[in-house]
There are 2 protein chains.
Amino acid sequence: MPLPHSATARGPRQHDVYDTLRHAILNGDLRPGEGLSETKLAAQFGVSRTPVRDAVRRLSDDGFLRVVPQVGTFVAPIQLTAVADSQFVRETLECRTIRLAAERLDPVQASALDRHLAAQERAVAANDAAAFFAADEAMHADLIRIAGRPAVWNLILDVKAQLDRVRCLSLESADWLAMIFDQHRVIIERTRARDADGAEAAMRAHLRSVFDAIDRIAATNQEYFEDTPADPAR
Amino acid sequence: MPLPHSATARGPRQHDVYDTLRHAILNGDLRPGEGLSETKLAAQFGVSRTPVRDAVRRLSDDGFLRVVPQVGTFVAPIQLTAVADSQFVRETLECRTIRLAAERLDPVQASALDRHLAAQERAVAANDAAAFFAADEAMHADLIRIAGRPAVWNLILDVKAQLDRVRCLSLESADWLAMIFDQHRVIIERTRARDADGAEAAMRAHLRSVFDAIDRIAATNQEYFEDTPADPAR
DNA sequence: GCTTGTACGCTAGTATACAAGTTTGTTGAC
DNA sequence: GTCAACAAACTTGTATACTAGCGTACAAGC
């Protein structure tokens, strides 16, 4: 692979600018179509244009920004086709790795999975969405690590960002968290039972239900989206 | 996704520097561990450091270069774990898309696939490895397009680069091309028959045999490789 | 001879100045 | 009033100067 960003050393400033902007875009603080200026960003962050340019370039590679030469830099619209493609890639990879995880699971790893579930349960009880999704990510990452393909998680993270961008448009209800948690329990239960077929089916159902929710969010926030495929002439 | 590099506008100079270096690394003209200097590269290409830096940063993201701050930029070693991960991702995605292609194939698309095969047959007859692999790539890309996930090909291209880097270490024999061609014929034949299971099996066998060859190349060129996983401290 | 301190040259990171191009607002003529 | 031409204020792209840190060579001291 080396999966994106996995092998890159960055200075602390570049890191800060990149992470801050990325977070702002994912959270929706910066809205699709909104214009950015490298000069203003540089002043805002208290650095020169060079590290800002590096961050902008990277975000452009990630698909979060669109740089138009001599015109400006804009927050990229959310392309529904790209979101669907991300879902496809994630589902394909995670449904394969969960099978491997089910076949390879050892007791130590199993208890680690239980700890993730416990953390999620606490987050559900506290209705703490941020904590829940942190434990959610950690569990998915661990499953892929158990499958023996830790680097694949980096790729998942990349494509997942497109999905998260839509997800962040809506607030999660307690009911929603509880439903996701139940799905996670089934996945872990089937994995612990070394039932590759069952684990894959549970994972697929889980990812699909998340995607369906994303689709519903998209339907009610169409102003943020652009469903035309990439313009080949740009 | 937006899959890597798909949405980026680059000036012609950046493009040239990036493509030239990437090609040189893939071809082995630049060997793993070899040091590069942004200043020297800038002089070499007749541009300033800024566009060179952009190209270097991108190549670093791709995993082809390793930038050590205040020390230097080096051609990244080929990590065998990364190659194996690339194989895993490619196999997982293409085995899924070939099923979809088999289910969706229409007559126009079928004849396009036949043209790819014909081009490959001519390349085999002429023992023209470059032409063969061009037609090879076009066929794989078309299959993914037929599956309805054209953007996934960009991702495949990214991970495939790691595999190609190893493949380029060895010259392809006529026998080898003929064997690959036969595998392609089976894949297309099963796809045309709308036999998703058969097409997937053929694709998996094909990709595995390519990977086995890559493994053999690696075994006889160990001086180029580094099989330690990424150093988490770097 | 070996170790250690130091100075020099290299690197990438950063800041800034300039060039090229687009958009936009204004101003003038019709 | 409308439209065209022009100019000013933006934008990113590029080039260059400077900073900070690392590595090495070399010399001084033990």
Side-chain angles (χ1 to χ4, degrees), chain A residues 2 5-22 25 30-77 231 233-234, chain B residues 5 7-22 25 30-77 231 233-234:
Chain A
H5 313 161
S6 61
T8 304
R10 296 200 303 270
R13 292 175 176 180
Q14 287 174 37
H15 193 79
D16 284 348
V17 176
Y18 174 81
D19 282 353
T20 304
L21 287 178
R22 189 175 194 274
I25 294 171
L30 291 172
R31 299 195 167 187
E34 192 164 340
L36 299 175
S37 158
E38 291 179 1
T39 309
K40 291 175 184 170
L41 286 174
Q44 201 168 323
F45 283 97
V47 298
S48 78
R49 270 185 64 203
T50 309
V52 170
R53 267 182 72 81
D54 277 1
V56 166
R57 162 56 66 93
R58 184 180 301 259
L59 289 162
S60 161
D61 284 350
D62 292 345
F64 293 126
L65 293 180
R66 189 172 292 181
V67 177
V68 183
Q70 329 300 4
V71 174
T73 301
F74 308 91
V75 178
D231 179 359
R234 89 159 168 268
Chain B
H5 312 164
T8 304
R10 295 202 303 270
R13 292 177 176 179
Q14 285 174 38
H15 194 77
D16 284 348
V17 177
Y18 174 82
D19 282 352
T20 304
L21 288 178
R22 190 176 193 274
I25 293 171
L30 291 172
R31 300 195 169 189
E34 194 164 339
L36 299 176
S37 159
E38 291 180 0
T39 309
K40 291 175 184 169
L41 287 175
Q44 202 168 321
F45 283 97
V47 297
S48 78
R49 269 185 65 203
T50 310
V52 171
R53 267 182 70 80
D54 278 359
V56 166
R57 199 194 55 67
R58 182 180 298 256
L59 289 162
S60 161
D61 282 350
D62 292 345
F64 293 126
L65 294 180
R66 188 172 293 181
V67 178
V68 184
Q70 326 300 353
V71 173
T73 302
F74 308 91
V75 178
D231 179 359
R234 87 161 171 267

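Lettering of chains follows the sequences in order, A, B, ..., and the numbering in each one begins at 1. Note that the structure is predicted; figures quoted are calculated from it, not measured.
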S.K.: For Leu36(B), which of Val67(B), Ile25(B), Leu65(B) qualifies under side chain to side chain contact (heavy atoms under 4.5 Å, CB included)?
M.R.: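 Result for side chain to side chain contact (heavy atoms under 4.5 Å, CB included) with Leu36(B): Leu65(B).
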S.K.: Without decimals, in angstroms, what is the distance between Phe74(A) CZ and dC10(D) P?
M.R.: 15 Å
S.K.: Starting at CZ of Arg66(B) and ending at P of dA12(C), how long is that distance when rounded to a whole Å?
M.R.: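 That distance rounds to 15 Å.
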S.K.: Grab the CD-P distance between Glu38(A) and dA9(D) for me, whole Å please.
M.R.: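 Distance check: Glu38(A) CD to dA9(D) P gives 21 Å.
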S.K.: Closest heavy-atom contact between Pro77(A) and Pro32(A)?
M.R.: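 Answer, listing the atom of Pro77(A) first, then Pro32(A): CA-CB, 3.8 Å.
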S.K.: Roughly, in whole Å, what's the span from CG in Leu41(A) to P in dC10(D)?
M.R.: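 Computing the Leu41(A):CG to dC10(D):P distance gives 16 Å.
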S.K.: Name the closest nucleotide to the Arg53(B) side chain, picking from dT14(C), dT12(D), dA15(D).
M.R.: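 Shortest atom-to-atom distance from the side chain points to dT14(C).
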S.K.: Heavy-atom distance under 4.5 Å between the side chains of Asp54(A) and Arg58(A), does that happen here?
M.R.: no
S.K.: Starting from C1' on dA8(D), measure out to CD on Gln70(A) and report it in whole angstrom.
M.R.: 17 Å
S.K.: The side chain of Val47(B) is closest to which nucleotide in this list: dT14(C), dT14(D), dA15(D)?
M.R.: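 Looking only at side-chain atoms, Val47(B) lies closest to dA15(D).
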S.K.: Looking for any heavy atom pair under 4.0 Å, which part of the strands does Thr39(A) touch: base, sugar-phosphate only, or nothing?
M.R.: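 Since a base atom lies under 4.0 Å of Thr39(A), the category is base.
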S.K.: Below the 4.0 Å mark, does dC10(D) have OP1 or OP2 next to a side-chain nitrogen or oxygen of Ser37(A)?
M.R.: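 No, outside the criterion.
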S.K.: Would you mind telling me which of dT16(C), dT12(D), dC18(D) lies closest to the side-chain atoms of Ser48(A)?
M.R.: dT16(C)
S.K.: Atom NZ of Lys40(B) to atom C1' of dT11(C): distance rounded to whole Å?
M.R.: 10 Å
S.K.: To the nearest angstrom, how far is Asp54(B) atom CG from dT14(D) atom P?
M.R.: 8 Å
S.K.: How close do Arg22(B) and Leu59(B) get, heavy atom to heavy atom, and via which atoms?
M.R.: CB-CD2, 3.8 Å
S.K.: Reckon Thr73(A) has a side-chain N or O less than 4.0 Å from the OP1 or OP2 of dT12(D)?
M.R.: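 Yes.
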S.K.: Nearest-Å distance, CZ (Arg57(B)) to P (dT11(C))?
M.R.: 21 Å
S.K.: What heavy-atom pair brings Ala42(B) and Arg49(B) nearest, and what distance separates the two atoms?
M.R.: CB-N, 3.9 Å
